[in-house]
Amino acid sequence: MRLALFNKGRLGVVDGDKLVDVTDQLAGSGTPGPAGALHHFIETTARGGAAQLDLTGLPGVPLTEAALEAPLPRPGKIVGAPVNYLDHKAEMEYTTSIADLGVFLKANSSVIGPAQDILLPYTDMRTDQEGELGVVIGRTATHVSADEALGHVFGYTCVLDITVRSGEDRSTRKSFDTFTPPGIVGRHRRRDPRPRHPRSALRRRRRDAAADQHRRPDPRCP
């Protein structure tokens, strides 16, 4: 099941080439607040209260006509793993890895919708975009073993990680407004999501080289 927010906060399930509105079925009739209807549904699922969903007779709109929004407009936190692919480490000539650097945080205020513009804070500094696999955590967790980790995953999404190449710390360079546009969220069904490689496009040119460089994840990446 693939989930999206659209048309001013409505929660939809992708069904072929259309979005079926399931806001009332999954998010209830109350106001979800800044975190959005999908966040409310995730919390309900974590408590084991989600019901089976029947799309029969529910209203829908064509995907091409839907105004997609950030599926989680204000996530609790965004945790990033630096230098998490071995080929990228070699390309950038890094001598350190995630085992040395640890993780970093991005500001949740940097999240925007899939079709919104990315605003560059500087015109005299290089700004890069990287297609990343985003993991949506569905249950509160700490000190979880590798064997139990996937049990805490709600789903996956694609994320563009925008970075200013400057002398500021990593979190600052990645946390400017509009620097985290995610895509549609897919519910977790796979034991290992890695065979599906993120791809990004610049001026409608697909960045296959970047996808190729992301085929060997660092096994030390948490």
Side-chain angles (χ1 to χ4, degrees), residues 1-15 17-23 26-27 31-42 60-81 104-137 154-166 168 170-187 196-208 210-211 214:
M1 181 166 63
R2 292 185 294 161
L3 296 154
L5 287 193
F6 70 106
N7 294 5
K8 298 182 179 181
R10 304 300 294 178
L11 178 59
V13 170
V14 179
D15 182 21
D17 59 356
K18 67 178 181 179
L19 268 173
V20 178
D21 192 329
V22 294
T23 308
L26 296 186
T31 302
L38 178 55
H39 184 272
H40 177 81
F41 171 58
I42 292 173
V61 297
L63 264 172
T64 54
E65 298 178 11
L68 291 177
E69 302 167 6
L72 295 165
R74 284 296 178 268
K77 67 177 70 172
I78 305 170
V79 181
F104 63 90
L105 297 177
K106 295 189 69 168
N108 62 1
S109 57
S110 66
V111 174
I112 58 171
Q116 289 183 259
D117 292 332
I118 296 169
L119 307 178
L120 305 184
Y122 306 113
T123 58
D124 58 345
M125 294 184 182
R126 172 180 166 183
T127 302
D128 290 342
Q129 74 287 329
E130 298 172 279
E132 302 282 3
L133 173 67
V135 181
V136 179
I137 305 301
F154 173 82
Y156 304 101
T157 185
C158 53
V159 182
L160 268 183
D161 180 28
I162 312 299
T163 307
V164 172
R165 302 300 181 187
S166 66
E168 297 159 315
R170 193 183 302 271
S171 289
T172 299
R173 294 186 286 113
K174 292 173 173 284
S175 289
F176 290 99
D177 289 348
T178 74
F179 268 30
T180 311
I184 290 172
V185 171
R187 285 296 310 274
R196 295 185 177 180
H197 307 290
R199 290 176 174 174
S200 57
L202 179 62
R203 298 186 180 94
R204 298 190 179 183
R205 295 179 61 185
R206 196 171 67 186
R207 303 295 295 272
D208 288 321
H214 288 182

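For reference, positions follow the sequence shown, starting with 1. Given the structure is predicted, the values throughout are model-derived calculations rather than measurements.
Within the 4.5 Å cutoff, the side chain of Val61 has heavy atoms near those of the Phe6 side chain.
Residues passing the side-chain hydrogen bond (donor to acceptor under 3.5 Å, both in side chains) test with Thr157, sequence neighbours excluded: none. For Asp21, the salt bridge (Lys or Arg N to Asp or Glu O under 4.0 Å) criterion is met by Arg10, not counting sequence neighbours.
Annotation: the span from Asp177 atom CG to Ile118 atom CD1 amounts to 12.5 Å, rounded to 0.5 Å. In this structure, NZ on Lys106 lies 9.5 Å from OG on Ser171, to the nearest 0.5 angstrom. In this structure, OG1 in Thr127 is found 5.0 Å from CG in Leu120, a value given to the nearest 0.5 Å. A distance of 8.0 Å separates CD1 of Ile112 from OG1 of Thr180, quoted to the nearest 0.5 Å. Atom CG in Asn108 sits 11.0 Å away from atom CG in Leu72 (nearest 0.5 Å). A distance of 10.5 Å separates CD1 in Ile184 from CG in Leu5, rounded to the nearest 0.5 Å.
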Step-by-step side chain to side chain contact (heavy atoms under 4.5 Å, CB included) determination, Tyr156 to Val185
CA-CA 6 Å; Tyr156 304 101; Val185 171; over 6 Å; no
Taking it one step at a time, do Leu26 and Leu3 satisfy side chain to side chain contact (heavy atoms under 4.5 Å, CB included)?
CA-CA 11 Å; Leu26 296 186; Leu3 296 154; 4.2 Å; yes
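Nearest heavy-atom pair across Ala35 and Pro73 is O-CD, 3.4 Å. Closest heavy-atom contact between Pro75 and Ile78: CG-CG1, 3.8 Å. Here the shortest heavy-atom pairing between Val111 and Ala70 reads CG1-CB, 3.6 Å. The nearest pair of heavy atoms linking Pro181 to Gly113 is CB-O, 4.1 Å. Ser175 and Ala107 make their closest contact through OG-N, 2.9 Å (heavy atoms, listed as atom of the first residue, atom of the second, distance).
The backbone N or O of Leu11 lies less than 3.5 Å from a partner atom in the side chain of Thr23, making a donor-acceptor pair. A donor-acceptor contact shorter than 3.5 Å links the side chain of Arg173 to the backbone of Val164. The closest donor-acceptor contact from the side chain of Ser110 to the backbone of Phe179 lies at 3.5 Å or more, if one exists at all.
The salt bridge (charged side-chain N to carboxylate O under 4.0 Å, His left out) contacts involving residues 61-80 comprise nothing, where partners must be two or more places apart or lie in separate chains.
Defined by atom type and a distance below 3.5 Å, a donor-acceptor pair is present between the side-chain atoms of Lys174 and Thr163.
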